[in-house]
Colleague: 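Would you mind keeping the following structure in view while I ask a few things?
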Amino acid sequence: MQKYEKLEKIGEGTYGTVFKAKNRETQEVVALKRVRLDDDDEKIEYRYSGTIYISQQCKLKFYGKNFGRKKNLLHDVLHSEKRLTLVFEYCDQDLKKYFDSCNGEIDQDTVRNGELKLADFGLARAFGIPVRFYSAEVVTLWYRPPDVLFGAKMYSTSIDMWSAGCIFAELANAGRPLFPGNDVDDQIKRIFKLLGTPTDETWPGMRQLPEYKPFPMYHISTTWQQVVPKLSNKGRDLLQKLLVCNPPGRISGRGWNGAPVLQ
């Protein structure tokens, strides 16, 4: 810890405190997340082992500045008998604060080219083979895909692509959520009203999902140009490929023909 000089406390949560600090050697400003270790050591270590592991894997395997090609969001891990300290890259605001600061006016060039940092992997899980069963209570309701809303417990990275599409649309609309549902049924209804209600042909296996129930047959009545008027044609095309009800139909992180699109 002698390597870092604490500057100010910037947050406090259930498990610990976050400080703004400075690396004494490089003068780089960082964020220190100090976690208290007590009787719930196993629970805490399980939660943060995901953060550490996923962050390290992102550094090793992914490309693009969003995951930090030259520097990882997670810089260092310091562990003592009573305390775990995670050293992160310091970001002065999150996306919600940025939305609020823009007062409903986000520059579209920023939407296309701005640098968005992906962070907080506390609830992240490594995806691999064989596929495991996961909880359906995952992802904030507004960003949850239809398969998970219908109770799917076997899913993969396609759920992240759906969430990315919802956030992309929200950015394009200056912070206005695309599907702000009040509950699960309302969420599904909002999705189907925009995308159309799936059928057995467009989404094979939908009826076999644990919590599936039929919804009215909504037909698409709104154009994407009406939904996200400020997006370019390429932007709308990408959004349509992200927001597909049938999970295998969603675009992957590698885009068309293996070319990276979500950089």
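Remember, predicted model here, so these are calculated numbers, not experimental data.
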Colleague: Show your working on side chain to side chain contact (heavy atoms under 4.5 Å, CB included) between Leu78 and Leu32 and close with a plain yes or no.
Modeller: CA-CA 10 Å; Leu78 309 173; Leu32 302 179; 5.8 Å; no

Colleague: Arg236 side chain to Leu231 main-chain N or O, any donor-acceptor pair under 3.5 Å?
Modeller: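 Pair found, side chain donor or acceptor close to backbone of Leu231.
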
Colleague: Show, in sequence, the C-alpha distance, side-chain angles and deciding distance for Glu170 and Trp142, and conclude whether the side chain to side chain contact (heavy atoms under 4.5 Å, CB included) test is met.
Modeller: CA-CA 11 Å; Glu170 192 167 333; Trp142 293 356; 5.6 Å; no

Colleague: Between Ser232 (side chain) and Gly235 (backbone), is there a donor-acceptor pair under 3.5 Å?
Modeller: yes

Colleague: Just wondering, do Leu178 and Leu243 contact through their side chains at under 4.5 Å, heavy atoms?
Modeller: yes

Colleague: So do the side chains of Leu194 and Trp224 get within less than 4.5 Å of each other, counting heavy atoms only?
Modeller: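 Leu194 vs Trp224: side chains touch.
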
Colleague: Are the side chains of Asn182 and Leu141 in touch, meaning some heavy atoms are under 4.5 Å apart?
Modeller: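 Answer no - side chains too far apart.
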
Colleague: Give me the atom names and distance for the closest heavy-atom approach of Leu149 to Gln187.
Modeller: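 Reported closest heavy-atom pair: CD1-CG, 3.7 Å.
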
Colleague: Walk me through whether Trp162 and Val244 qualify under side chain to side chain contact (heavy atoms under 4.5 Å, CB included).
Modeller: CA-CA 8 Å; Trp162 176 278; Val244 176; 5.8 Å; no

Colleague: Is there side-chain contact between Arg190 and Pro180, with heavy atoms separated by less than 4.5 Å?
Modeller: yes

Colleague: Can a donor-acceptor pair be found, under 3.5 Å and without considering hydrogens, that links the side chain of Glu25 to the backbone of Lys3?
Modeller: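 Answer holds: no.
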
Colleague: Locate the shortest heavy-atom distance separating Thr17 from Lys9; write the atom from each residue and the value.
Modeller: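 Nearest pair, atom of Thr17 first, then Lys9: CG2-CD, 3.2 Å.
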
Colleague: Side chains of Lys213 and Asp185: does their closest heavy-atom pair fall under 4.5 Å?
Modeller: yes

Colleague: If you round to the nearest 0.5 Å, how far is CH2 of Trp203 from CZ of Phe150?
Modeller: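 Interatomic distance, Phe150 CZ to Trp203 CH2, rounded to 0.5 Å: 6.0 Å.
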
Colleague: Taking all atoms of both residues into account, what is the closest heavy-atom pair of Val228 and Ala172, and its distance?
Modeller: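 Heavy-atom minimum between the residues: CG1-CB, 4.2 Å.
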
Colleague: Do Leu195 and Tyr218 come close enough that some side-chain heavy atom pair is under 4.5 Å?
Modeller: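 Contact flag for Leu195/Tyr218 side chains = no.
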
Colleague: Has Glu211 got a side-chain atom pairing as donor or acceptor with Gly151's backbone, closer than 3.5 angstrom?
Modeller: no

Colleague: Is there side-chain contact between Ile10 and Tyr90, with heavy atoms separated by less than 4.5 Å?
Modeller: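 Of all side-chain heavy-atom pairs linking Tyr90 with Ile10, at least one is under 4.5 Å.
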
Colleague: What are the two closest heavy atoms between Gly181 and Asp186, and how far apart are they?
Modeller: CA-OD2, 3.3 Å

Colleague: Where the side chain of Asn246 meets the backbone of Gly249, is there a donor-acceptor pair that is under 3.5 Å apart?
Modeller: no

Colleague: I'd like to check Met217 versus Thr199 (side-chain heavy atoms, cut-off strictly below 4.5 Å). Are they in contact?
Modeller: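 Touching, per the 4.5 Å side-chain cut-off.
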
Colleague: If two hydrophobic side chains count as joined below 4.5 Å and joins carry through other members, does Leu95 share a cluster with Ile106?
Modeller: yes

Colleague: Output yes when a side-chain donor or acceptor of Asn173 lies under 3.5 Å from a complementary backbone atom of Val227, and no otherwise.
Modeller: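 The answer is yes, because a donor-acceptor pair under 3.5 Å joins these two groups.
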
Colleague: Run the side chain to side chain contact (heavy atoms under 4.5 Å, CB included) check on Phe88 and Val18 step by step: do they pass?
Modeller: CA-CA 10 Å; Phe88 291 98; Val18 181; over 6 Å; no

Colleague: How are the rings of Phe192 and Phe215 set to each other: parallel, tilted or perpendicular (split at 30° and 60°)?
Modeller: perpendicular

